[in-house]
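Note that this is a predicted model, so its numbers are computed, not measured. Sequence lines set the chain letters: A, B, ... in the order given, protein chains first and strands last, and positions in each chain run from 1.
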Amino acid sequence: MIKKIAASIAEALSDIHDGATILIGGFGTAGIPGELIEGLIEQGARDLTVVNNNAGNGDTGLAALLNAGRVRKMICSFPRQTDSQVFDALYRSGKIELELVPQGNLAERLRAAGAGIGGFFTPTGYGTSLAEGKETRVIGGKPYVLEYPLHGDVALIKAERGDRWGNLTFRKTARNFGPVMATAAKRTVASVYEIVELGDIDPEIVVTPGIFVHRIVRIPRVATQAAGFRMAGRP
Amino acid sequence: MIKKIAASIAEALSDIHDGATILIGGFGTAGIPGELIEGLIEQGARDLTVVNNNAGNGDTGLAALLNAGRVRKMICSFPRQTDSQVFDALYRSGKIELELVPQGNLAERLRAAGAGIGGFFTPTGYGTSLAEGKETRVIGGKPYVLEYPLHGDVALIKAERGDRWGNLTFRKTARNFGPVMATAAKRTVASVYEIVELGDIDPEIVVTPGIFVHRIVRIPRVATQAAGFRMAGRP
Amino acid sequence: MSWRKRTKEELAQRVARDIHDGAYVNLGIGMPTLVANHLPADLEIVLHTENGLIGMGPAPAAGEEDYDLINAGKQPVTILRGGAFFHHADSFAMMRGGHIDICVLGAFQVSACGDLANWHTGEKAAIPAVGGAMDLAIGAKQTWVMIEALTKRGESKLVERCTYPLTGVHCVERVYTDIATFECTPRGLELVDIVEGLTHAELERLVGLPIRAH
Amino acid sequence: MSWRKRTKEELAQRVARDIHDGAYVNLGIGMPTLVANHLPADLEIVLHTENGLIGMGPAPAAGEEDYDLINAGKQPVTILRGGAFFHHADSFAMMRGGHIDICVLGAFQVSACGDLANWHTGEKAAIPAVGGAMDLAIGAKQTWVMIEALTKRGESKLVERCTYPLTGVHCVERVYTDIATFECTPRGLELVDIVEGLTHAELERLVGLPIRAH
């Protein structure tokens, strides 16, 4: 019998090893699996490579993981935000490595990892410093850069609803990197706000089929908080 | 105002030119846009390159288009079926060209066309006659073949429900190539059984967003017919 | 000592016995389809079909067929609670990306080191058709072949080197046959099991290849 | 004759005027966001945001914010009837695949032949952050830039050759500025329009580049 529902976050994250590559869903705060990141901090794995679109907001979640000194390297598209002070300080003091990837190449490299593609020619970044040293090729008169898949050991993602086979749906733009990262990691752990009976998710609307998900954990619903931008009229 | 709903199949297909590459959705008979293919036969374009997983069943639909002598070349993964006599005869008499593509490479080449990817390294077909003469490369110790995107001038697909912005949902395994082909063609025409008001398709469950669809036509519902295999106990 | 070949159903049963609880499995067209009938009822094994469905159920009752709900062989099927539909690029990404645990395929020939030939006899008059065979062969975590060991003319389908056009290179882990089960390894065939009464020496004679003990 | 610069709102209005009915449009972070306020009410223009939404609506009323429904600048937005959500790989496939008609971006510099520099000043101390800028620059059918023509220190942002790190090569079709609108062509800048009272000669002096009549 398939039982992907974990009794606790600690149980779901128990086997993450030092040096692992962790794919963390979310764009800004939408879809950031804050509870799972807190669990990862408690779990204690270190020397991690973390893949996320950003590099943490404020001092909780990913920022707290960075602040705890657990991350050796960030792979992301947009580390600098109005409230990315934790990353900024680590970066400026040389305590963290940064691999900057254009956002679409980041998504496509994850997709390639999940889809068994060995490499792909992308037009994004051609002729820029982010393609320096990379193989290029003109195909059909258009220049491309060769990019490689980005595999994770573990993906931590935030979904909306799940069942014991691991099928998932997401909520609005909190979907973002979640479904792609789920395909790209050896193990995917998803937090959900609701666990439903098998068959209660219409098979036509499953976003991430359970084959890509290894553990799901129910968490209490908390509204996603604003972050990463300056509110009009506020400092 | 966006109005993608065509008054008739003839109107939706009016500007298909001789020599066009036509992507036709469907796997077996599920998702085959039979009504649009009939419309294409009436429309009269010839010297076509047709991309479909198969190469027609019985003597209607794609088989009828082939039989009318309109198709110069088929690109498909599995032409030979129990009822592909029309294609078989054309092929054996040298009247049609065949490009045989492994099914996953076919889907991925269409996806690459829709996604702006210039080429990709796939493990599928490596070391086989279908990769003969193609560039290969070992990446991470594993051998791959370089494949290129497959663009269409027009995609003809069968969906279930649509709205005037062109958003689509599909039915069961009739989904198959439809959503991928919709992204890979300059113009996509979809038949639907039902046209609903804008907003009646939940934005969380849209399978093909309207940006990929140029015309939708409502057709009367007819149950998909069996084809392509031998029923137990029948000749 | 006398021995007899496994029937197709016995062979399907033999394959089914090795599939673990919770496995994601793709059963190829033809004989592998029979495996579905022998999956232990107390296990949950999730069947994938390349045309965009995971969680495939058995054939529908007569009169209940829906030809928008078919398998890769275009035959009507059902969907289990917990199943999901997706499009072709996603379906083959699932296969190619190594997410399917086991794929069971038929074959014309399998070489001792795991090369597979199952899509084309190479006859000039034959219309070639590959479908998803090449994707299945190389995509799953494990590719198993299920065949009668010998052709109708008594030739071994297990060969030193495939003479039919290849489907994939070094991709087959196991070959389940009506007389024995083998592992394909870089050093050649290894025996996993053998039907009762058949000797190792006789098996090697039938297969025409050296077979190491497991 | 006296002349004055377009205000930001006037500039946004000028850009909006060129967007056709039914267009799929991505408005970059910063000044381009203002364009949304000036889209003609009688047209249907569909806004895409890279983080997985097409059919984006205006900001929600105060107190109605949902931070699971945000734009690329992480600000709360709404979704129109007819909109759809999708994941990041699909969203960037939409952009990279040439499905977006128009993308409007800010810039540090644009070269006469359409090179764009808008992600990094190249300062050593700055933490680099590219986001979706490079994908947007090269993906849309047309890439438009919306900028004040001169920096605060009076230097032209239209240049012979970008000195800041590039975002994309030969990717900008049009540059809308507070003093004139230009096309970038292989032969250099072409004038589309100019604010009332500003002479062609004076414009060339301010921009520091030859500008051909349209």
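Around the CZ atom of A/Arg218, the shell of radius 6.0 Å holds no more than 12 heavy atoms that belong to other residues, nucleotides or ligands. More than 12 non-hydrogen atoms from other residues, nucleotides or ligands lie less than 6.0 angstrom from NZ of D/Lys141. Under a cut-off of 6.0 angstrom, the local environment of CD in D/Glu160 is sparse, with at most 12 non-hydrogen atoms contributed by other residues, nucleotides or ligands. The number of heavy-atom neighbours closer than 6.0 Å to CZ of A/Arg221, taken from other residues, nucleotides and ligands shown, is above 12.
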Pair D/Phe86-A/Val207, side-chain contact (heavy atoms from CB on, under 4.5 Å): steps then yes or no: CA-CA 9 Å; D/Phe86 32 82; A/Val207 173; over 6 Å; no
- [ ] Apply side-chain contact (heavy atoms from CB on, under 4.5 Å) to D/Asp66 and A/Arg171, showing your working.
- [x] CA-CA 11 Å; D/Asp66 177 348; A/Arg171 184 166 185 271; 2.6 Å; yes
Should A/Met181 and D/His88 be marked as a side-chain contact (heavy atoms from CB on, under 4.5 Å) after you check the CA-CA gap, both sets of side-chain angles, and the distance that decides it? CA-CA 10 Å; A/Met181 288 181 167; D/His88 244 79; over 6 Å; no
In sequence, state the C-alpha distance, the side-chain angles, and the governing distance for D/Asp68 and A/Lys158, and then conclude on salt bridge (charged side-chain N to carboxylate O under 4.0 Å, His left out).
CA-CA 11 Å; D/Asp68 282 343; A/Lys158 176 182 247 173; over 6 Å; no
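A/Lys172 NZ to D/Ile70 CD1: the interatomic distance, rounded to the nearest 0.5 Å, is 12.0 Å. Note that OG of A/Ser77 is 7.5 Å distant from CD of D/Glu50, once rounded to the nearest 0.5 Å. Taking NE2 of D/His120 as the reference point, atom CG of A/Leu100 lies at 8.5 Å (rounded to 0.5 Å). Annotation: the span from A/Phe177 atom CZ to D/Ser91 atom OG amounts to 9.5 Å, rounded to 0.5 Å. Between atom CE of residue D/Met95 and atom CD of residue A/Gln103 there is a gap of 7.0 Å, rounded to the nearest 0.5 Å.
Counting heavy atoms from C-beta outward, A/Tyr91 and D/Pro128 have side chains that approach closer than 4.5 Å. D/Ile127 places a side-chain heavy atom less than 4.5 Å from the side chain of A/Arg92. Using a 4.5 Å heavy-atom threshold, the side chains of A/Asn105 and D/Asp135 count as touching.
With chain A as the partner, the residue from D/Ile138, D/Val169, D/Val77 showing the most heavy-atom pairs under 4.5 Å is D/Ile138. Interface remark: of the candidates A/Ala107, A/Ala55, A/Pro102, A/Gly28, A/Pro102 forms the most heavy-atom pairs closer than 4.5 Å to chain D. Ranked by heavy-atom pairs under 4.5 Å with chain A, the list D/Gly52, D/Ala89, D/Ala93 is led by D/Ala89. Of the listed residues (A/Thr124, A/Thr29, A/Leu110), the one with the most heavy-atom contacts under 4.5 Å to chain D is A/Thr124. Chosen from D/Ala133, D/Pro165, D/Ala125, D/Gly168, the residue pairing most often with chain A at heavy-atom distances under 4.5 Å is D/Ala125. Interface remark: of the candidates D/Ala137, D/Ala72, D/Gly139, D/Ala72 forms the most heavy-atom pairs closer than 4.5 Å to chain A.
Minimum heavy-atom separation, A/Asn176 to D/His87: O-CB, 3.4 Å.
Heavy-atom distances place the side chain of D/Phe92, and not its backbone, under 4.5 Å from chain A. Heavy atoms of D/Thr167 lying under 4.5 Å from chain A belong exclusively to its backbone. Heavy atoms closer than 4.5 Å to chain D are found in the side chain of A/Leu98, but not in its backbone. The contact between A/Phe87 and chain D is made entirely by side chain atoms (from C-beta outward), counting heavy-atom distances below 4.5 Å. Of the atoms belonging to A/Asn54, it is side-chain heavy atoms, and not backbone ones, that fall under 4.5 Å from chain D. Looking at A/Arg111, only its side chain comes within 4.5 Å of chain D, counting heavy atoms on both sides. D/Asn71 touches chain A through its backbone: at least one of N, CA, C or O sits under 4.5 Å from a heavy atom, while the side chain does not.
Below 4.5 Å, heavy atoms of chain D meet heavy atoms from A/Gly127, A/Thr128, A/Ser129, A/Leu130, all part of residues 127-147 of chain A.
With hydrogens and angles disregarded, no donor-acceptor distance shorter than 3.5 Å links the side chain of A/Thr173 to the backbone of D/Asn51.
Taking the ring axis of A/Phe27 as reference, the NZ or CZ atom of D/Lys74 stays within 45° of it and closer than 6.0 Å to the ring centre.
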